[in-house]
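Encoded as C-alpha cells, the structure appears first; notes follow it.
Starting from 1, each residue takes its place in the sequence as its number. Every heavy atom of this structure was used, including side-chain atoms; hydrogens, water molecules and symmetry mates were not.
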Amino acid sequence: MEYKPIKDIAVAWLADKRQYVKASTYAAYALIVKNHILPSFGCAIGLSESTVQEFVLSKLEEGLSVKSTKDILIVLKMVMKFGVKNGWLDYAEWDIKYPTTAITPDIEVLTVANHKKILDYIRDNFTFRNLGIFVCLSTGLRIGEVCALKWSDISLDKGTLTVQRTIERIYIIDGDNTHTELVINTPKTTNSCREIPLSRDALALIRPLMKVVNPDYYVITNEPSPTEPRTYRNYYKRLMAQLGIPPLKFHGLRHSFATRCIESNCDYKTVSVLLGHSNISTTLDLYVHPNMEQKKRCIERMAKSMR
C-alpha cells in the first residue's frame, strides 16, 4: 500500500471532483481545503477520531458555527474516502460529537407592520431595485436568484415567475493566488428550479412594465448586465436604514415570506415547494414552531376526542 499525505490526496480529490460539480461548488471545496484542511492535516498520513474531535472543538472555540464546522468535516470525509478508495489511506470511521446548546436561536424576520411598510413604500417609490425587494418579500427568492432574474422569466399569462438561474461571486484558487469571479449558474438544487405564482399586488407593479422592457434584460437593473449580490445587499441595507427598520439580513426577507405563509395557515408542503427546499423537514425545522395558543387547541382537541 502506497501511503500518501493528506495534502497530496486533497489535491488529487479536487482535480477529480472538478469534473463533476459546478464551479461554485468546486470553489467552496477548494477554499475549505486551503483554509482549514491543509493547515491542520496537510502532512498527516492518517487521522484518528481523537485528532478530528480535537480539531472540531478548536474550530468552535475560534468562533466558527457548528454548521460551518460540519461543512469542513464533510469535505474532510470525502477527501479521506477518496484516499482509501485509491489505496493511499487506511479506512477510519469517526463518531464526532458537538457541544449541545440549550437555546436554538430564532430566525430573524420582519414584523408584520414593517413587512407592510416596505411593500407600501415600494408601491409609492418605484425603482427597479426596489421591485427586486418587493419580489423577494412576495415570493421568498434568495438574493442570488433575484439578482439573476430576467424579464423573460416572468409570464403574465400564467401570473408566475420561474427561477432557473442564480448569480454569485466565488473564490478561484490558482496555486497560491486567489481571486474572485462573478458566475451565473443553475440554482442551488434541482428543487430550487421552481415556478412561483405572483400575487395580485406584484402583478399590478409588473404588468405595465412588461409592455416596454427588453425580455433579455435583468429585472433589478433593467439592463443587459446583472448586479451582483454584494452590491444589492448594500443597497438593501441603506433602504432599511432610510425606512427606520431594524437591521435584518437580506435572507431575512425570505424568512419573512415563509413566516407570513405559515401564519396564514398555508400547508407546509406548499411552502416547502415555493421556497425550493429539497425536503419538507427543512421547512418544518426552520418555520414551524407552534405557539402556546396552538398547543392549547391541540390538547383540547385531543381531550375532546376522548370524552
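Below 30°, between 30° and 60°, or above 60°: for Phe128 and Trp151 the angle between ring planes is above 60°, a perpendicular geometry.
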**OP:** Go through the steps to decide whether Lys150 and Asp153 satisfy the test salt bridge (charged side-chain N to carboxylate O under 4.0 Å, His left out), and finish with yes or no.
**Re:** CA-CA 5 Å; Lys150 291 185 174 183; Asp153 298 323; over 6 Å; no
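Not a single ring-ring contact (aromatic ring centres under 6.0 Å, His included) links Tyr235 to another residue, sequence neighbours left out. Every ring-ring contact (aromatic ring centres under 6.0 Å, His included) that His255 has, sequence neighbours left out, goes to His251, Tyr287. In this structure Ser40 satisfies the side-chain contact (heavy atoms from CB on, under 4.5 Å) test together with Phe55, sequence neighbours excluded.
At distances below 3.5 Å, not a single donor-acceptor pair connects side-chain atoms of Tyr3 with backbone N or O atoms of Asp90. Although no hydrogens or angles enter the test, the distance criterion places no donor-acceptor pair under 3.5 Å between the side chain of Lys4 and the main chain of Gly83. Side chain of Gln19 to main chain of Asp16: a donor-acceptor pair is present (N/O by atom type, distance under 3.5 Å, no hydrogens or angles). Here the side chain of Ser264 pairs a donor or acceptor atom with the backbone of Arg260 at under 3.5 angstrom.
Ser192 and Arg142 are linked by a side-chain donor-acceptor pair at a separation below 3.5 angstrom, with hydrogens and angles left out of the test. Side-chain contact check for Asn279 and Thr282: at least one donor-acceptor pair (N or O, by modelled atom type) lies under 3.5 Å.
Looking at Val219, Val213, Thr160 one by one, the single match for side-chain contact (heavy atoms from CB on, under 4.5 Å) with Ile154 turns out to be Val219. A side-chain contact (heavy atoms from CB on, under 4.5 Å) with Thr259 holds for exactly one of Val271, Leu286, Val109; it is Val109.
At least one side-chain heavy atom of Leu209 sits under 4.5 Å from a side-chain heavy atom of Leu131.
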